[in-house]
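Take a look at the structure set out below.
Side chains are part of it too, since the values below use all heavy atoms of this structure and drop only hydrogens, waters and symmetry mates.
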Amino acid sequence: MDNSKISITQFKGSWELYEWRAESMEGHIAYPFGPDAIGEIVYNDDGHMSVQIMKPNRAKFVSDDPLEGQRDEILSAYNGFIAYSGTYEVNEKSNQVFHHIKISSFPNWVGQKQIRNFEFRDNQLILSTDFIESRKHRLIWRKRKQ
């Protein structure tokens with residue numbers, strides 16, 4: 001069987017975040033949304049993907065209307081959540097997956113191609129970045145049971 005087909009098939013499905021860590025250029029390790037961050041990434045058969053990650057136990061808004069948040073509530077919520085979606089393609093030769101972003105909570109990423117290095121280990125998908133500004137990121141995802 002063609003090895004590239006194996007990896008592309010392995011991506012498909014829903015994955016739950018196990019760990020997200022960031023490493024500074026000096027080697028310091030941090031957990032951007034804490035060691036218990038919650039997240040999900042989904043790769044569909046049709047070439048679409050989406051990812052959402054948040055801090056657990058974020059403070060609720062006073063209002064039940066998501067468009068009526070106060071400035072401090074909005075800032076706190078934004079700083080504890082990141083999400084984007086779009087399409088993806090796998091480059092088996094370089095062990096990279098390209099996320100072509102169409103929608104993002106971070107406006108700068110809309111229209112960009114985000115590159116993630118990948119490896120599969122047991123029932124895990126490990127995605128990592130090269131340095132983005134002053135940090136590189138490593139996210140470990142566990143495959144959800146179907």
_Under 6.0 Å between ring centres: does that hold for Tyr43 and His99?_
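That pair passes the under 6.0 Å test.
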*Within the 6.0 Å centroid threshold, strictly below: Trp20 and Phe33*: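 Close enough - the centres of the two rings lie under 6.0 Å apart.
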*Run through Ile115, Val90, Thr87 and flag the one making a side chain to side chain contact (heavy atoms under 4.5 Å, CB included) with Phe98.*
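Passing option: Ile115.
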*Test Val97 against every option in Arg116, Glu92, Glu89 by the side chain to side chain contact (heavy atoms under 4.5 Å, CB included) rule and name the one that passes.*
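Between Val97 and the candidates, side chain to side chain contact (heavy atoms under 4.5 Å, CB included) is satisfied uniquely by Arg116.
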Please answer whether the main-chain N or O of [Y] pairs with a side-chain N or O of [X] as donor and acceptor at a distance below 3.5 Å.
X      : Y      : answer
Ser50  : Val42  : no
Glu73  : Gln70  : yes
Gln112 : Asn108 : yes
Asp65  : Leu67  : yes
Trp109 : Ser105 : no
Lys55  : Ile38  : no
Asn44  : Gly47  : no
Asp46  : His48  : yes
Thr129 : Lys136 : no

_Do the side chains of Glu133 and Arg135 get close enough for a salt bridge, i.e. N-O under 4.0 angstrom?_
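Looking at Arg135 together with Glu133, the answer is no, because their closest N to O distance does not fall below 4.0 Å.
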*Dump the intermediate steps for salt bridge (Lys or Arg N to Asp or Glu O under 4.0 Å) on Lys143 and Glu16, then the final yes or no.*
CA-CA 6 Å; Lys143 186 86 174 224; Glu16 185 174 19; over 6 Å; no
*Decide yes or no on side-chain contact (heavy atoms from CB on, under 4.5 Å) for Gln114 and His100, but give the supporting numbers first.*
CA-CA 7 Å; Gln114 287 287 314; His100 301 279; over 6 Å; no
*Should Tyr84 and Met49 count as side-chain neighbours, where that means a heavy-atom distance under 4.5 Å?*
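Counting from C-beta outward, Tyr84 and Met49 do come under 4.5 Å.
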Write down the atom of [X], the atom of [Y], and the distance for their closest heavy-atom approach.
X      : Y     : result
Ser14  : Glu40 : OG-OE2, 3.6 Å
Trp15  : Phe11 : NE1-O, 2.9 Å
Pro56  : Ala37 : CD-CA, 4.0 Å
Arg144 : Gly39 : NH2-O, 4.4 Å

*asked:* Would Asn117 and Ile126 count as a side-chain contact (heavy atoms from CB on, under 4.5 Å) here? Give the steps.
replied: CA-CA 8 Å; Asn117 305 306; Ile126 301 166; over 6 Å; no
_For Ile140 and Glu19: C-alpha separation, side-chain torsions, deciding distance, then whether side-chain contact (heavy atoms from CB on, under 4.5 Å) applies._
CA-CA 5 Å; Ile140 301 173; Glu19 179 184 85; 3.8 Å; yes
*Do Asn91 and Gln96 have side-chain N/O donor and acceptor atoms under 3.5 Å apart?*
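No donor-acceptor contact under 3.5 Å links the two side chains.
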Does [X] share a hydrophobic cluster with [Y], counting links as ILVMFWY side-chain heavy atoms below 4.5 Å and allowing steps through other members?
X     : Y      : answer
Val51 : Val110 : no
Ile41 : Phe106 : yes
Tyr18 : Trp141 : no

_Glu23 and His137: CA distance, side-chain angles, deciding distance, side-chain contact (heavy atoms from CB on, under 4.5 Å) verdict_ = CA-CA 6 Å; Glu23 182 179 346; His137 300 264; over 6 Å; no
Between [atom1] on residue [X] and [atom2] on residue [Y], distance to nearest 0.5 Å:
X      : Y      : atom1 : atom2 : value
Phe61  : Glu68  : CZ    : CD    : 10.5 Å
Arg138 : Leu127 : CZ    : CG    : 10.5 Å
Phe81  : Ser76  : CZ    : OG    : 13.5 Å
Glu119 : Asn95  : CD    : CG    : 8.5 Å

